[in-house]
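Right, one structure below, let's go through it.
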Amino acid sequence: MTSLFDLSPFVSAAMKDGRPVVALETTLVTHGLPHPDGVRAAAELEAEVVAAGAVPATIGVLDGRVRVGLSAAELQRLATEPGTAKLNLSNLAAQVASGRPGSTTVAATLAVAGAIGLRVFATGGIGGVHRGAAESGDVSADLQALRDFEVAVVCAGAKAMLDLPRTVEMLETLGVPVFGVGTDEFPAFYRRTSGLKVDQRFDDIASLARAVETHWRLGLATGVVVANPIPAAEEMPLEVYEGAMSQALAEAATRGVRGRAVTPFLLERLRAASEGRSVFSNLALLRHNARVAAALAGAMARRPGPAARA
Ligand code: PSU
Ligand code: MN
């Protein structure tokens with residue numbers, strides 16, 4: 001049987017040569033940002049990764065295959081074809097088997113990266129425990145995927161409309177380290193701080209790379225959260241953030257939004273309630289995460305792999 005994974009020539013050459021590669025997801029393109037901001041963001045993220053000396057591997061599902069290293073035309077298809085599905089671990093297989101298009105969430109991107117051996121992934125914010133989860137049961141599959149796949153995810157923390165204390169608690173339960181980049185605090189996506197602590201702060205990328213690799217050399221085969229706060233100049237102003245957030249959460253509750261629709265709904269309502277300010281911050285933190293991920297992948301590529309050390 002042929003592999004379901006279809007690597008672009010750039011990605012497979014880089015992996016063969018041991019050059020740094022950064023995995024990128026596509027749900028933020030199709031469901032997280034309004035069109036055409038999503039496609040534009042994807043191109044910008046790839047450019048940041050390239051400028052920082054790594055190869056971007058944007059992941060999505062097209063024509064019954066998992067494509068790793070989507071072209072601009074393929075990204076356009078994902079963003080514009082009606083019915084592109086938001087894929088996590090539970091609906092990935094059915095979508096691939098059907099031949100219909102799908103964009104990968106953090107969970108599905110982790111699964112793909114883990115399966116083909118990519119170790120560094122950049123996104124905006126991971127999913128987590130939703131507010132009111134005790135009643136709705138809504139906990140993102142991103143957390144399960146972080147437990148199951150050996151990939152470091154560079155993110156600006158978890159999306160701010162989540163229950164952040166319970167999300168951080170769950171990461172600890174799952175044995176997933178949370179490493180801060182120049183911060184002691186778990187970032188709150190649009191804001192640099194949340195009042196919650198990271199497991200360890202790192203002020204240089206080489207030490208961060210060493211700690212990530214140490215986790216895996218200890219045989220702890222989970223993901224690692226690399227928490228990289230949004231640059232201060234691009235944070236959402238506190239009043240805008242708090243006002244927009246409570247408005248978005250209230251609307252979701254009134255409308256009874258459920259399941260996979262919750263996160264895209266909240267992101268869209270936040271955009272409207274903040275008059276686009278949330279999208280500005282979202283794009284800024286994404287670019288920042290892409291740069292740090294490329295630097296981390298570079299530092300890891302320069303260190304001898306597990307075989308060389310054994
Ligand atoms: N971060 C963003 N925008 C997004 C997402 C994350 O800046 O759109 C997406 C990611 O793909 C993440 C998903 O995996 O939202 C989580 O959705 P859920 O809460 O339904 O698991
Ligand atoms: Mn959910």
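As the structure is a prediction and not an experimental result, all values here were calculated from the model. Indexing begins at 1, ligand by ligand and atom by atom, following the structure's order.
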List every atom of ligand 1 that sits less than 4.0 Å from any heavy atom of [X], numbering the atoms from 1 in the order shown and giving each element.
{"X": "Asn282", "answer": "7 (O)"}
{"X": "His130", "answer": "19 (O)"}
{"X": "Asp142", "answer": "12 (C), 14 (O), 16 (C)"}
{"X": "Thr105", "answer": "11 (O), 14 (O)"}
{"X": "Leu267", "answer": "3 (N), 4 (C), 8 (O)"}
{"X": "Gly32", "answer": "8 (O)"}

Could you check [atom] against the protein and tell me its nearest heavy-atom contact, residue, atom and distance included?
{"atom": "atom 7 (O) of ligand 1", "answer": "Phe189 CZ, 3.0 Å"}
{"atom": "atom 10 (C) of ligand 1", "answer": "Glu25 OE2, 3.4 Å"}
{"atom": "atom 6 (C) of ligand 1", "answer": "Gly125 O, 3.1 Å"}

Checklist entry - Can you name the N/O/S atom of Asp138 that is nearest the Mn ion (ligand 2)? => result OD1
Tell me yes or no: between the side chains of [X] and [Y], is some donor less than 3.5 Å from an acceptor?
{"X": "His130", "Y": "Asp163", "result": "no"}
{"X": "Glu25", "Y": "Thr123", "result": "yes"}
{"X": "Thr30", "Y": "Ser103", "result": "yes"}

Checklist entry - Which bit of Thr263 is near ligand 1, meaning a heavy atom under 4.0 Å away: side chain, backbone, both or neither? => result side chain
Next on the checklist: Tell me whether Met245 at atom CE has more than 12 heavy atoms from other residues, nucleotides or ligands lying less than 6.0 Å away.
Outcome noted: yes
Next on the checklist: For Phe10, is the CZ atom crowded, meaning more than 12 foreign heavy atoms sit under 6.0 Å from it?
Outcome noted: no
For ligand 1, is there an N or O atom under 3.5 Å from any N or O atom of [X]?
{"X": "Lys159", "answer": "yes"}
{"X": "Val106", "answer": "yes"}
{"X": "Thr104", "answer": "no"}
{"X": "Ser140", "answer": "yes"}

Checklist entry - Do the side chains of Val49 and Val55 get nearer than 4.5 Å, heavy atoms only? => result no
Checklist entry - Relative to atom 20 (O) of ligand 1, which among His31, Arg260, Lys86 owns the nearest non-hydrogen atom? => result Lys86
Does [X] pair with [Y] as a salt bridge, N-O distance under 4.0 Å?
{"X": "Glu81", "Y": "Arg77", "result": "yes"}
{"X": "Glu235", "Y": "Arg192", "result": "no"}
{"X": "Glu169", "Y": "Arg166", "result": "no"}
{"X": "Arg65", "Y": "Asp63", "result": "no"}

Checklist entry - Should Val262 be listed as contacting ligand 1, given a heavy-atom distance under 4.0 Å as the test? => result no
Checklist entry - Quick one: does Asn88 get within less than 4.0 Å of ligand 1, heavy atoms only? => result no
Item to check | Glu150, Arg147, His215 screened by side-chain hydrogen bond (donor to acceptor under 3.5 Å, both in side chains) with Thr222, the one that passes | outcome: His215
